[in-house]
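Step one of this worksheet: look at the structure below.
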Number of protein chains: 2
Amino acid sequence: MRYSHQREIIREIVFSTNSHPTADWIYGEIKKSLPNVSLGTVYRNLKQLADEGIIRNIQDGPVARYDWNIEPHDHLKCNVCGEMIDIQVPNEIIKDTVMEKYDFEVSDVEITLVGKCNKHT
Amino acid sequence: MRYSHQREIIREIVFSTNSHPTADWIYGEIKKSLPNVSLGTVYRNLKQLADEGIIRNIQDGPVARYDWNIEPHDHLKCNVCGEMIDIQVPNEIIKDTVMEKYDFEVSDVEITLVGKCNKHT
DNA sequence: ATAGTAATAATAATCATTACTAATTAAAAA
DNA sequence: TTTTTAATTAGTAATGATTATTATTACTAT
């Protein structure tokens, strides 16, 4: 992956916030310094950065968000303001524990384990 | 919610499979008996059935899937064939445990707790 | 300096989903 | 039973997020 100015700025933007930004938000930010960037460039570079393991892709319902924190961690998603809060889920996922520890009224826990099923050796 | 023939068939289709079907797949199925149904009708009714708690909505990346099983449970998602397999995550989420119990090579665990953060009383 | 190739801007295309509208229909009221 | 009503529908247009295309531009190794 050779150097590109656009990608470098995109990386810096992702690293500058804890807000788990979307491609669209990042597009708005980068246009402040590079008004001619294309939204496609933002998407392409976010994908490349995620593929390289430099940033992390997190799926928030139907939209993709990005996170500079590539350590394994989970999220609380507020269904009022939409904010995503980083958490470390302990060995026991206990709704009640999360509720008091993070002062968060859990209404739904979504757990998806992604990998390869036994049909593929 | 008054009776509708279309909604009843949509409900039956969801209840007839363990494949966590998408709106589009259900649309293909219902057209076999009602060739004139509209895709919008499928979406609207799936939403109503989910709102009523008759079926469950599960988000699979950017697409919505539906499940007749409304009991709290989780899923294994195969990133080769895309299949979603029902599981009961035990009190301890241990990748290793899931791996041997379900013979599934876990590469990523996605946990999202949805609810209301402390900014909203 | 230049050839080769990756990256870009601009734009069109795609895919899932929602919104709109006039016509139809289930169910309640007369 | 007929009339009234409001929910539901088919058809279609619109939206929002993302990916693909294409001609042009810009890194970088030689």
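Every chain is numbered from 1 and lettered A, B, ... according to where its sequence line falls, protein lines coming before strand lines.
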Do nucleotides 12-20 of chain D as a string where each nucleotide becomes B, S or -: B if the base has a protein heavy atom under 4.0 Å, S if just the sugar-phosphate does, - if no protein is that close. -----SBB-
Sugar-phosphate means primed atoms, P, OP1 and OP2; the rest is base. With that split, encode nucleotides 22-30 of chain C 5' to 3' as B, S or - using protein heavy atoms under 4.0 Å. ---BBS---
C/dA9, OP1 or OP2 - any side-chain N/O from A/T41 closer than 4.0 Å? yes
For a quick test of reading the model: is some side-chain N or O of A/Q48 closer than 4.0 Å to OP1 or OP2 of C/dA6? no
Distance only, no hydrogens: is a donor on one side chain within 3.5 Å (strictly under) of an acceptor on the other, for A/N45 and A/Q48? yes
Hey, what do you get for [atom1] ([X]) to [atom2] ([Y]), rounding to the nearest 0.5 Å?
X: B/D86; Y: B/N69; atom1: CG; atom2: CG; answer: 5.5 Å
X: A/C78; Y: A/M84; atom1: SG; atom2: CE; answer: 11.0 Å
X: B/L49; Y: B/R44; atom1: CG; atom2: CZ; answer: 11.0 Å

Without decimals, in angstroms, what is the distance between [X] [atom1] and [N] [atom2]?
X: A/E8; N: D/dA26; atom1: CD; atom2: C1'; value: 16 Å
X: A/R44; N: C/dA6; atom1: CZ; atom2: C1'; value: 9 Å
X: A/Q6; N: D/dT24; atom1: CD; atom2: C1'; value: 13 Å
X: B/I9; N: D/dT9; atom1: CD1; atom2: C1'; value: 13 Å
X: B/D60; N: C/dA16; atom1: CG; atom2: P; value: 12 Å
X: B/L46; N: C/dA16; atom1: CG; atom2: C1'; value: 13 Å
X: A/N36; N: C/dT11; atom1: CG; atom2: C1'; value: 15 Å
X: B/I10; N: D/dT9; atom1: CD1; atom2: C1'; value: 11 Å

Is a donor on one side and an acceptor on the other found under 3.5 Å between the side chain of A/R7 and the backbone of A/R2? yes
State yes or no: do A/W68 and A/I70 share one hydrophobic cluster built from I, L, V, M, F, W and Y residues joined by side-chain heavy-atom distances below 4.5 Å, directly or via other members? no
State plainly whether one hydrophobic cluster holds both B/L34 and B/I10, where clusters connect Ile, Leu, Val, Met, Phe, Trp and Tyr through side-chain heavy atoms under 4.5 angstrom apart. yes
Quick one: ring pair (Phe, Tyr, Trp, His ring centres under 6.0 Å) pairs with a partner in residues 24-63 of chain A, sequence neighbours left out? none
Close side-chain approach of B/V14 to B/I54, heavy-atom, < 4.5 Å: no
Scan for salt bridge (charged side-chain N to carboxylate O under 4.0 Å, His left out) pairs involving residues 16-30 of chain B, sequence neighbours excluded, and state none if there are none. B/E29-B/K32
Identify each donor-acceptor pair in which a side-chain atom of residues 55-65 of chain A lies under 3.5 Å from a protein atom, sequence neighbours left out, and give them as a table.
residue	atom	partner	partner atom	Å
A/R56	NH1	A/E71	O	3.2
A/R56	NH1	A/H73	O	3.4
A/R56	NH1	A/H73	ND1	3.4
A/R56	NH2	A/H73	O	3.3
A/Q59	NE2	A/G61	O	3.4
A/D60	OD1	A/K77	NZ	2.6
A/D60	OD2	A/R65	NE	2.7
A/D60	OD2	A/K77	NZ	3.4
A/R65	NH1	A/H20	O	2.7

How sharply is the helix from C/dA1-D/dT30 to C/dA30-D/dT1 bent, taking the axes over five pairs at either end and rounding to 10 degrees? 30°
